[in-house]
Undergrad: 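Structure in structure tokens, see below.
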Amino acid sequence: MKVFSFVVLLMGVFLMLFFKSSYETQDTAYKTIQSIALKESIKRGNAVYSDFCISCHLPNGEGVQNIYPPLANSDYLKANRHASIKGLKYGLKGEITVNGVQYNKYMPPMGLSADEIADVMNFSNHSWGNSYGKIVTIEEVSEIKK
């Protein structure tokens with residue numbers, strides 16, 4: 001993970017220096033770096049999802065109606081980024097509404113590290129028809145408190 005981050009950083013510095021002639025080109029270089037980092041995070045997140053989430057939310061992310069909420073095309077996931085990360089980090093208890101259906105099942109904390117949470121969030125946010133926002137970072141996950 002650290003080696004990959006270092007390589008991405010070096011690549012970013014190279015691209016910024018190489019294309020330093022204009023702000024638009026720097027912006028394109030930054031977006032390219034973010035895109036590469038997101039793709040790698042999604043790959044890792046798929047593995048985390050397969051290990052920890054798939055038994056309840058299923059391979060297609062559709063969950064089980066009235067028992068486990070869907071992640072596929074999930075309005076909750078899209079509108080509640082902070083709460084979704086917090087739920088992965090500390091567990092989720094209490095009623096939530098996902099795509100018009102109420103769920104009230106306890107999801108225990110999975111014991112995931114900040115990088116695993118970021119990766120599985122990126123996977124969920126960009127799978128099954130979802131395309132939800134910017135990359136979730138380890139720093140963002142670490143800042144979320146109980």
Side-chain angles (χ1 to χ4, degrees), residues 1-16 23-146:
M1 175 82 171
K2 290 180 183 178
V3 172
F4 174 75
S5 297
F6 181 71
V7 169
V8 169
L9 177 65
L10 280 178
M11 192 170 76
V13 169
F14 170 76
L15 289 171
M16 292 260 193
Y23 175 76
E24 284 134 14
T25 308
Q26 287 180 9
D27 188 51
T28 300
Y30 177 76
K31 287 178 181 172
T32 300
I33 294 164
Q34 287 291 303
S35 177
I36 292 167
L38 178 59
K39 285 178 185 174
E40 290 299 317
S41 179
I42 289 169
K43 261 193 246 181
R44 293 187 305 269
N46 186 10
V48 174
Y49 184 86
S50 294
D51 288 344
F52 292 91
C53 314
I54 203 166
S55 60
C56 296
H57 296 286
L58 306 180
N60 57 11
E62 291 182 2
V64 177
Q65 182 74 25
N66 299 316
I67 299 173
Y68 302 114
L71 301 176
N73 298 306
S74 169
D75 62 353
Y76 182 87
L77 191 61
K78 183 176 185 178
N80 298 283
R81 179 180 173 110
H82 182 88
S84 297
I85 296 169
K86 188 174 181 179
L88 275 171
K89 191 170 182 177
Y90 299 110
L92 184 62
K93 185 175 164 181
E95 191 173 279
I96 62 170
T97 302
V98 181
N99 299 342
V101 178
Q102 292 186 354
Y103 294 87
N104 195 2
K105 187 114 172 133
Y106 175 66
M107 182 180 85
M110 300 288 131
L112 300 174
S113 64
D115 59 325
E116 290 171 321
I117 292 170
D119 290 342
V120 79
M121 280 296 301
N122 287 320
F123 172 74
S124 298
N125 285 346
H126 294 89
S127 298
W128 316 296
N130 299 342
S131 183
Y132 303 150
K134 63 182 176 138
I135 189 170
V136 175
T137 65
I138 296 167
E139 294 77 20
E140 180 180 5
V141 173
S142 298
E143 289 172 2
I144 293 177
K145 305 295 180 212
K146 220 172 192 180

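We're numbering straight along the sequence, starting at 1.
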Undergrad: For a side chain to side chain donor-acceptor pair (under 3.5 Å) with E140, tell me which candidate from H82, R81, K134 qualifies.
TA: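 Running side chain to side chain donor-acceptor pair (under 3.5 Å) over H82, R81, K134 with E140 returns exactly one hit, R81.
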
Undergrad: Sub-3.5 Å donor-acceptor pair from the side chain of K89 to the main-chain atoms of P109, do we have one?
TA: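 No, because the side chain of K89 does not come within donor-acceptor range (under 3.5 Å) of the backbone of P109.
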
Undergrad: Taking N122 for its side chain and A118 for its backbone only, find out whether a donor-acceptor pair lies under 3.5 Å.
TA: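 Yes.
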
Undergrad: Which heavy atom in A72 sits nearest to a heavy atom in N130, and how many Å separate them?
TA: C-OD1, 3.7 Å

Undergrad: Just verifying a value: how many Å separate D119 CG and K43 NZ, rounded to the nearest 0.5 Å?
TA: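 If I round to the nearest 0.5 Å, the distance is 12.0 Å.
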
Undergrad: Give the minimum heavy-atom separation between Y76 and S84, together with the two atoms involved.
TA: CE2-OG, 3.8 Å

Undergrad: Is there a side-chain contact between M121 and L77 in this structure, where contact means two heavy atoms from C-beta onward sitting under 4.5 Å apart?
TA: yes

Undergrad: Taking C-beta and beyond as the side chain, do V48 and F123 meet within less than 4.5 Å on heavy atoms?
TA: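 No, side chains not in contact.
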
Undergrad: Side chain of Y90, backbone of I144: donor and acceptor closer than 3.5 Å?
TA: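 Answer holds: yes.
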
Undergrad: Evaluate the ring planes of Y49 and H57, with Trp represented by its six-membered ring, and classify them as parallel (under 30°), tilted (30 to 60°) or perpendicular (over 60°).
TA: tilted

Undergrad: So do the side chains of P70 and V98 get within less than 4.5 Å of each other, counting heavy atoms only?
TA: yes

Undergrad: Rounded to the nearest 0.5 Å, what's the gap from CG on L71 to CG on L58? Could you check?
TA: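 Reported value, rounded in 0.5 Å steps: 9.5 Å.
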
